[in-house]
Amino acid sequence: MSLPYLPFARPTIDAAMIAAVGETLASRWIASGPQVAAFEAALSAFLGGRPVRTLTSATGAMEVALELLGVGPGDEVIVPAQTFFAAANVVERVGARTIFVDVDLLTRNIDLAAAAAAVTPRTKVLAPTHYNAPLDPLALADFAKLHGVRVIEDAALAIGSHAGGSPVGARGDLVSFSFHPNKNMTTIEGGALVVNDADEAARVERLRFHGIRRNPDGTRDVEVAGGKYNLSDVAARLGLAQLEHLSAWCSARARLAELYFEAFADDELLPPERLPLRENPGHSWNMFTVLLPLGQMAMDRKAFMDALHAEGIGTGLSYEAVHLTTLFRSRGWREGRFPVAERIGRETLTLPLFPEMTESDVARVAGAVRRLLRTNPKP
Ligand SMILES: *Cc1c(COP(=O)(O)O)cnc(C)c1O
């Protein structure tokens with residue numbers, strides 16, 4: 001009997017969510033409107049009251065954040081070399097320069113000492129990712145103050161994470177979240193930007209919608225060349241329904257992660273430095289990643305992923321080292337600069353983890369991983 005295919009990520013969508021989205025469609029008010037306002041208010045309440053504006057993606061939110069801060073040609077933005085491509089791409093899109101720094105092996109978060117060493121008079125922004133652990137809000141605030149820079153936290157993976165006793169996003173400067181289906185809650189596509197005050201919120205509203213400002217006489221004016229990044233009411237209604245379950249889903253993820261740790265605990269091919277940080281308070285466990293012991297394996301990573309796929313187990317690759325992409329090689333970045341980021345990029349593999357997984361799903365994945373680590377590839 002063959003088991004159902006287990007993807008590496010899968011959003012939870014229940015009948016109540018489908019009904020809620022159906023009601024929004026039936027209302028005929030389907031683009032930005034009351035559901036967007038309600039979703040933004042709910043996110044703000046979840047994040048301790050700070051202003052939140054939704055956008056069509058986290059990538060869009062980060063691009064708008066850079067525009068909000070006036071980052072452009074001549075400016076530098078410090079980004080970890082091991083993260084998703086989005087942060088570095090949007091820096092390039094606004095015409096600024098991406099300055100990469102290395103990351104920590106276990107948390108995969110930016111090495112703040114390396115970031116401090118990379119600061120120049122042109123540095124405008126630090127853009128670290130909450131990766132395999134929440135970033136420390138006090139350390140980020142100290143960094144910003146000491147170096148006179150703004151911070152854009154890439155919290156795409158971290159909706160539902162807590163740090164220093166409060167939700168990620170409740171403190172700090174600008175914080176962006178993603179609601180892509182692989183994240184801890186979804187609006188299909190979507191994102192949000194947490195800002196500091198009503199003035200920043202109003203500027204984000206203009207940057208996400210054609211730069212439009214309404215005049216008292218009912219006409220419209222445009223002062224800045226805004227884009228088109230507003231979320232739809234249909235998406236926002238799904239987000240509202242998802243947000244109610246976020247805490248329970250994060251708890252389920254933490255329980256499943258602990259089962260992985262138990263299953264790998266006595267495996268000498270997967271010692272603790274090849275696993276995520278196990279004592280990780282506040283972490284939302286968007287992913288469970290392992291670093292493959294490629295030197296001790298008969299298969300390379302691609303063959304290993306293919307072998308798992310053949311058994312009905314999906315895996316992900318999160319992420320390649322960003323400075324080694326063709327784009328950033330063309331900017332002069334090369335191998336050898338960031339050994340930790342490069343090692344993670346070579347060895348990392350993301351195992352299935354989503355709230356509806358069962359204990360036996362984890363046992364199935366862990367068993368297959370342990371066996372295939374010791375198996376020769378099919379000829
Ligand atoms: C998913 C992800 C993004 C991009 O999110 P979108 O909503 O798809 O734009 C950015 N950064 C990180 C770290 C991510 O994991």
Side-chain angles (χ1 to χ4, degrees), residues 7-11 39 43 52-67 77-94 98 100-101 103-104 107-110 125-135 140 151-161 163 168-169 172 174-194 204 207-208 227-232 235-236 238-239 242 250 253 276 283-289 315-323 325 341 344-345 348-350 353-354:
F8 82 91
R10 190 173 68 194
F39 184 38
L43 285 168
V52 182
R53 291 297 178 269
T54 53
L55 297 101
T56 43
S57 68
T59 307
M62 285 189 287
E63 188 165 341
V64 163
L66 290 169
E67 290 170 345
V77 178
I78 298 176
V79 172
Q82 232 297 300
T83 183
F84 187 57
F85 309 116
N89 277 346
V90 294
V91 171
E92 300 295 309
R93 286 173 65 81
V94 300
T98 310
F100 291 109
V101 300
V103 300
D104 176 74
T107 66
R108 301 194 178 182
N109 288 342
I110 196 163
V125 174
L126 175 75
T129 302
H130 294 262
Y131 203 146
N132 268 357
L135 292 160
L140 294 183
V151 178
I152 301 173
E153 293 171 41
D154 181 351
L157 301 167
I159 186 82
S161 284
V168 165
L174 302 174
V175 185
S176 63
F177 291 107
S178 172
F179 308 124
H180 178 275
N182 287 357
K183 315 301 183 183
N184 285 16
M185 57 172 276
T186 189
T187 60
I188 307 175
E189 296 283 1
L193 185 66
V194 187
V204 169
L207 288 167
R208 77 177 171 186
K228 182 66 160 66
Y229 297 111
N230 57 303
L231 198 67
S232 75
L238 177 59
Q242 292 259 311
C250 291
R253 288 175 175 278
H283 186 41
S284 61
W285 289 104
N286 178 260
M287 298 183 217
F288 194 92
T289 55
T315 51
L317 209 165
S318 322
Y319 300 104
E320 299 81 354
V322 190
H323 66 294
T325 56
I344 296 169
T348 192
L349 185 72
T350 307
L353 182 64
F354 52 86

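Note that the numbering runs from 1 along the sequence shown for the chain. For ligands, and for the atoms within them, numbers begin at 1 and follow the listed sequence.
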What residue and atom, counting heavy atoms only, is the protein's closest point to [atom], and at what distance?
atom                    : answer
atom 2 (C) of ligand 1  : K183 NZ, 2.8 Å
atom 7 (O) of ligand 1  : S178 OG, 2.7 Å
atom 4 (C) of ligand 1  : T59 OG1, 3.6 Å
atom 11 (N) of ligand 1 : D154 OD2, 2.7 Å

Margin query: For the backbone of C250 and the side chain of S284, can you confirm whether one donor and one acceptor N or O come within less than 3.5 Å of each other?
Written below: no

Check: Does any N or O in the side chain of R253 come within less than 3.5 Å of the main-chain N or O of W285, such that one atom is a donor and the other an acceptor?
Finding: yes

Check: Under the side-chain hydrogen bond (donor to acceptor under 3.5 Å, both in side chains) criterion, do N89 and T59 qualify, and how do the steps go?
Finding: CA-CA 9 Å; N89 277 346; T59 307; over 6 Å; no

Next item on the list: Kindly determine whether N184 and N286 satisfy side-chain hydrogen bond (donor to acceptor under 3.5 Å, both in side chains), including the steps that lead there.
Entry: CA-CA 6 Å; N184 285 16; N286 178 260; 2.8 Å; yes

Should [X] be listed as contacting ligand 1, given a heavy-atom distance under 4.0 Å as the test?
X    : answer
Y319 : yes
H130 : no
G190 : yes

Notebook entry, point to check: Measuring from L157:CG to H130:NE2, what's the distance to the nearest 0.5 Å?
Noted result: 10.0 Å

Margin query: By the definition side-chain contact (heavy atoms from CB on, under 4.5 Å), identify the one residue from V79, V322, I78 that meets it with T98.
Written below: V79

Margin query: Quick one about T186 and Q242 (side-chain donor to acceptor, distance below 3.5 Å, no hydrogens or angles considered), yes or no?
Written below: no

Checklist line | Min N/O separation H180 to ligand 1 under 3.5 Å | finding: no

Margin query: Is there a polar contact between ligand 1 and T129, counting only N or O atoms under 3.5 Å apart?
Written below: no

Margin query: Below 4.0 Å, non-hydrogen atoms only: which portion of A58 touches ligand 1? Side chain, backbone, both or neither.
Written below: both

